[in-house]
Each structure stands twice: as C-alpha cells, then as structure tokens.
Amino acid sequence: MREVRIYDTLQEKVVPLNPLVPPRVGMFVCGLTPYKPSHIGHARTFVFFDVVARFLRHLGYRVFYVQNSTDIDDKIIRISNEEKVDFFEVSERNFRLYLLNMEALGVRSVNLYARTTDYIPEIVTQIRQLTDKGFGYTVEGGDVFFEIAKFPKFGALSKQKVESVQPGARVEVDARKRSPEDFALWKSAKPQEPWWESPWGRGRPGWHIEDTAITVNVLGPRYDLHGGGSELRFPHHEAEIAQAESATGLSPLAALWMHAGLLNMRGEKMSKSLGNVEPLDETLRKWNPAVLRYFLLSGLYRSPLEYAGTESLQEAERSFETLAAPFRRLNELWSDLARANDQGSRGPELPKEVMTRSRATEERIIGALAEDFQLREATRQLFGWGKEVNSLLAKSEGYSTEALDVLLAPYELADQVLGFFSIDEAPGRGVPVAPSDISSLVELVLAARQRARARGDFAEADRLRADLGEAGVLVEDTPKGPKWKRKEG
RNA sequence: GCCAAGGUGGCAGAAUGGUUAAUGCGACGGACUGCAGAUCCGUUUCUUGGGGGUUCGAUUCCCUCCCUUGGCUCCA
C-alpha cells in the first residue's frame with residue numbers, strides 16, 4: 001500500500017503513517033460542542049478531516065473514523081436554563097443541524113459520532129482508574145481533578161512548560177485544586193444543572209475525559225490518528241494524553257497528532273469575540289456548497305486561512321467555476337452520447353500523450369496528498385488539466401465515451417478524494433430541472449430573444465438578456481444556442 | 001510574560017540552499033461573438049516584514065527587532 005506521510009505535531013516533523021494493525025486506521029477527531037449552530041470555521045476542520053479519511057480509504061486503508069460531540073457543558077447548560085428547556089434539547093438541536101450542514105458539504109466519512117452522554121459509564125470507569133492509580137484526587141464538594149504533577153510529560157504536545165503558563169489568564173482558578181494547572185475530571189452538580197450518579201456523587205464529566213473514555217472503548221488504548229483544530233492543542237489534547245496514558249499505562253495514545261489551522265474571520269460582522277459569526281446553515285443557503293468546500297480546502301491545512309465573508313466566497317466561486325467548467329462540459333458530452341445511445345466511435349482519436357498526461361495528473365494529485373495533504377498542489381494539478389481539456393474541446397467536441405472517460409479520470413479521482421464536484425449544485429451536470437421551476441418561463445423569454453436576434457433587433461435581444469439578469473438568470477450564447485443558469489450568492 | 005503558527009505581487013496563496021519565485025482571482029491586449037459571456041493565445045505586478053550573520057550563492061539556515069493570528073484550563 002502506498003505510504004502516506006503526515007506532519008505530527010508531537011514530533012514536529014513529517015513522518016510516515018504506520019498503522020498499528022494494517023490496513024486498518026483508527027482515527028479520532030475532536031468534534032463540536034453543540035451549544036449553538038456551527039459556523040464556517042468549524043466546517044474547515046471537519047471538511048479537511050473528511051478529505052483525510054477519503055484519501056486514506058482511496059489508497060486502500062480501512063479507516064474507522066470516530067468523532068465526538070460534547071453534548072453537555074457549561075454553555076449548553078446556560079442556554080438551556082435561559083430557554084427553560086432540557087439541556088439535551090439544546091445540544092441535540094444544534095448537533096442535528098450540524099449533521100445536515102456536514103451532509104450538504106459532502107462530509108460523509110465519519111463512521112461513528114459519539115455523544116458524551118452516551119458514554120457516562122465509560123467515563124466514570126476511566127476516572128475511577130485514574131483515582132485508583134493516584135492520578136486523580138477528589139475535593140470537598142465532590143469534584144475530581146487530575147494532578148498534573150503526576151504526569152511529567154504534560155506539555156510535550158504544545159511545547160509549553162507548566163510553570164511558564166500563566167494561571168488564571170482567562171479562567172478563574174478553583175482554590176480547591178492542589179495546583180492551578182490541575183484540570184477537572186468530574187464536576188459536581190450545582191442547582192439547576194443536569195447530573196449523573198457517580199462514586200463521587202451527582203455530577204457530570206469534565207471537558208477532556210469524554211474523548212479518552214470514548215477512544216479507549218471504541219478504538220482501543222492506542223490508535224493511529226488524532227485530529228482537531230489547532231486551538232485544542234493546549235490544554236485539551238495535553239489533557240487527553242495525560243488521562244489516557246495514565247489510565248491505560250500505554251503510550252503513545254495516538255501515533256500521529258494532526259492539527260488543522262484556524263479560519264481567521266475578518267471584518268466586524270464576523271468577529272468571534274462579538275459572537276456574531278454567521279451560522280453555517282445560513283452560509284450554505286446563500287452559496288453553492290461546492291464553492292464553500294473548495295474555499296475551505298484552498299490553503300495549506302496547517303496554516304490559518306483568511307476568511308473575509310462574501311468577498312472570499314465570491315473569489316472562490318469564480319475560481320471554482322473555472323475549475324469545474326471543463327468537467328461539466330465533459331459530463332454534458334458524455335450524457336449527450338448516452339442519450340443518443342451512441343459510443344461516438346467516429347469521433348477523433350485522443351492523442352496518446354493526452355492519455356499519458358491524464359494518468360500523470362492523477363498520479364501527481366495522489367502524490368501531493370500523500371505528502372502531508374498538499375491540497376493546493378492537488379487543485380493546481382486540476383487547473384492545469386482543465387486547460388488541457390478546454391484546448392481539446394476547443395478543437396472538437398466529438399470524442400467517444402472512451403476518450404471522454406480518459407479526460408474525466410483526473411476529475412473523478414479528485415471528486416472521490418477532495419469531493420467538491422459531487423456536491424456541485426450549479427446546473428449543467430445533467431440534473432433535471434423540476435417542472436415547477438421557472439425554466440419554462442425562461443425558455444419562453446429566450447425564444448423571443450432568439451427571434452429578435454434572428455431579425456437583427458439586437459437592442460431588443462440585449463434588453464431581454466438584461467431583464468433576465470435582473471431576475472437572477474444569467475444567459476450565455478453558445479454555438480448550440482443560448483444557455484442559462486441562476487445567479488448564485 | 002510564556003508557548004505555537006505566520007509576515008511572499010492589487011487580493012488569495014504555493015515553492016526551493018542555485019536557471020525567468022507556482023497556481024487561482026483581478027487587470028490589460030488579441031482571437032472568437034451582432035454585443036456580452038464562456039473558451040483559447042499573450043501581457044501585467046512581488047527580489048519574498050526591518051536589520052545583521054553563515055555561504056560561491058538565501059525567499060529558504062542562524063541571530064535580533066517589528067507586526068499579525070491562535071493558545072495559556074470555555075472554543076473546530
């Protein structure tokens with residue numbers, strides 16, 4: 001099987017993926033705390049890890065991909081109290097919306113979404129292991145903490161020295177802790193809070209323990225790949241390592257730690273501190289999901305990516321149109337032949353070097369991704385291939401289905417792995433337009449415009465085109481007659 | 001204060017110790033079109049945050065300063 005090399009945050013270098021039990025790959029990605037609808041920043045992380053899983057599977061690895069959902073936490077409780085509804089109603093509503101949004105974005109690679117509250121017994125068991133071994137301690141009131149001093153490796157992932165961290169920089173320090181760096185494993189229930197029974201009394205899990213309780217039970221004490229957004233490196237992922245390795249006695253918890261760069265939100269409309277980032281749901285209603293997915297995959301996954309709202313998506317849309325146009329044309333030609341029940345065997349031969357280059361392009365896309373997921377290089381190859389396809393189609397459109405398949409191959413590969421074409425909502429992929437749609441009216445206007453053009457009344461023709469434009473319909477004249485599509489955004 | 005990631009053309013964003021520093025968007029010109037669009041061909045802009053060092057040669061390695069973003073126990 002092809003070797004994949006990945007940047008490991010812990011070792012700070014690109015290393016080969018060596019699955020513990022090939023060809024299986026156990027993969028865990030820190031999911032969402034669904035206290036409110038997710039935004040485009042979340043989408044970047046999860047779309048990227050979707051590509052990771054897709055690519056590994058494409059190469060023949062059998063990936064088991066687990067993602068958690070923190071369906072109980074302070075913010076969820078706060079909101080449920082404000083709304084006077086059960087906490088589960090809040091988290092489940094937002095989580096379902098998240099799943100719908102992910103589906104729209106083509107994220108379909110997760111095998112198991114694990115909710116924290118479905119793993120309370122496992123969580124309790126793991127905390128108990130930690131207290132039994134002396135890593136955890138209880139305090140008055142029934143809270144349980146992890147004692148950092150017992151785990152010298154703490155800080156290895158983020159290269160932070162515990163003593164140089166500023167305690168209480170953002171969150172008030174709990175005076176009952178032995179040391180300010182100690183983190184909660186179990187939080188006792190306050191009034192108005194949901195709770196579960198435990199050996200330490202009624203309460204709920206701390207933030208970090210769910211992930212390791214889930215992975216130890218689902219993926220085992222050690223697994224291959226751990227992913228998440230880069231802001232989780234410290235303290236969350238450090239805490240995971242400390243908990244799991246202390247509880248199981250096995251190391252390392254994950255062979256590879258991957259961290260996706262954050263999406264930097266620009267402009268006051270999206271200020272994170274103001275908490276008014278547009279919900280993903282809304283963004284998806286305004287934009288072709290393929291454009292969104294393309295944008296999110298347009299940089300180096302480890303680096304931050306600038307997001308300036310509409311401006312960014314407009315640029316991405318134009319780029320995506322360029323990228324997708326040849327693919328859509330090839331598909332149209334293919335369906336035309338299929339409809340006519342014709343193999344197009346009388347069409348021109350495809351030059352041999354084109355076949356070679358088709359394969360070379362596929363190979364380069366795979367090569368780019370196999371070397372730490374160079375998404376940009378992969379799409380660059382696709383742009384280059386598009387130019388080649390456009391040139392060929394400019395000479396002739398009468399290729400056989402066999403020839404078209406060769407031209408389509410790099411796109412099919414890219415779609416399987418990067419996945420933006422199959423969620424392309426723009427017309428032109430042979431998707432039938434619903435009868436209730438405006439298409440018959442548009443066709444009527446276009447017919448009138450064709451008549452005007454035929455008699456040389458271009459002023460009238462241009463007026464009709466402009467009017468359709470006002471109504472949100474873009475018209476293009478082609479040798480085969482006028483084509484139209486709806487404006488996006 | 002500490003840790004991490006960054007600073008490359010109008011914008012987004014790659015790359016390498018060594019020919020003209022990708023690609024996309026934009027802009028400009030040509031072909032095609034009644035015009036526009038799409039497409040094709042061509043052009044355009046950066047000497048890679050400031051300073052210093054190593055080297056025959058650095059954007060790439062080292063030092064230093066400045067700036068941006070993320071983290072420092074709520075966050076994808």
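Residue numbers begin at 1 in each chain, while the letters A, B, ... track the order of the sequences.
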**Asked** What heavy-atom pair brings Ala213(A) and Ile123(A) nearest, and what distance separates the two atoms?
**Response**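 Shortest heavy-atom contact: CB-CG1, 3.5 Å.
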
Give [X] one of three labels, base, sugar-phosphate or nothing, depending on what nucleic acid heavy atoms sit under 4.0 Å from its own.
X: Thr322(A); result: sugar-phosphate
X: Asp477(A); result: base
X: Ser230(A); result: nothing
X: Gly456(A); result: nothing
X: Asn390(A); result: sugar-phosphate
X: Arg463(A); result: nothing
X: Lys483(A); result: nothing
X: Leu232(A); result: sugar-phosphate
X: Gly228(A); result: sugar-phosphate

**Asked** C28(B) pairs with which nucleotide, Watson-Crick or G-U wobble, both distances below 3.5 Å?
**Response** G42(B)

**Request:** Using whole Å, report how far CG of Asn264(A) lies from C1' of U68(B).
**Result:** 9 Å

**Request:** In whole angstrom, give the distance that lies between atom CZ of Arg376(A) and atom P of A14(B).
**Result:**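 In whole Å, A14(B) P lies 7 Å from Arg376(A) CZ.
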
**Request:** Scan Asp73(A), Asp74(A), Asp143(A) and name whichever one has a salt bridge (charged side-chain N to carboxylate O under 4.0 Å, His left out) with Lys187(A).
**Result:** Asp74(A)

**Salt-bridge criterion met for Asp477(A) and Arg449(A) (N-O under 4.0 Å)** = yes

Are any of [X]'s side-chain N or O atoms less than 4.0 Å away from OP1 or OP2 of [N]?
X: Lys395(A); N: C40(B); value: no
X: Thr33(A); N: A76(B); value: yes
X: Arg318(A); N: G26(B); value: yes

**Request:** Using atom types as modelled and distance alone, determine if a side-chain donor or acceptor of Arg204(A) lies under 3.5 Å from a backbone N or O of Trp186(A).
**Result:** no

**Asked** Quick one: which of A14(B), U39(B), A4(B) gets closest to the side chain of Ala325(A)?
**Response** U39(B)

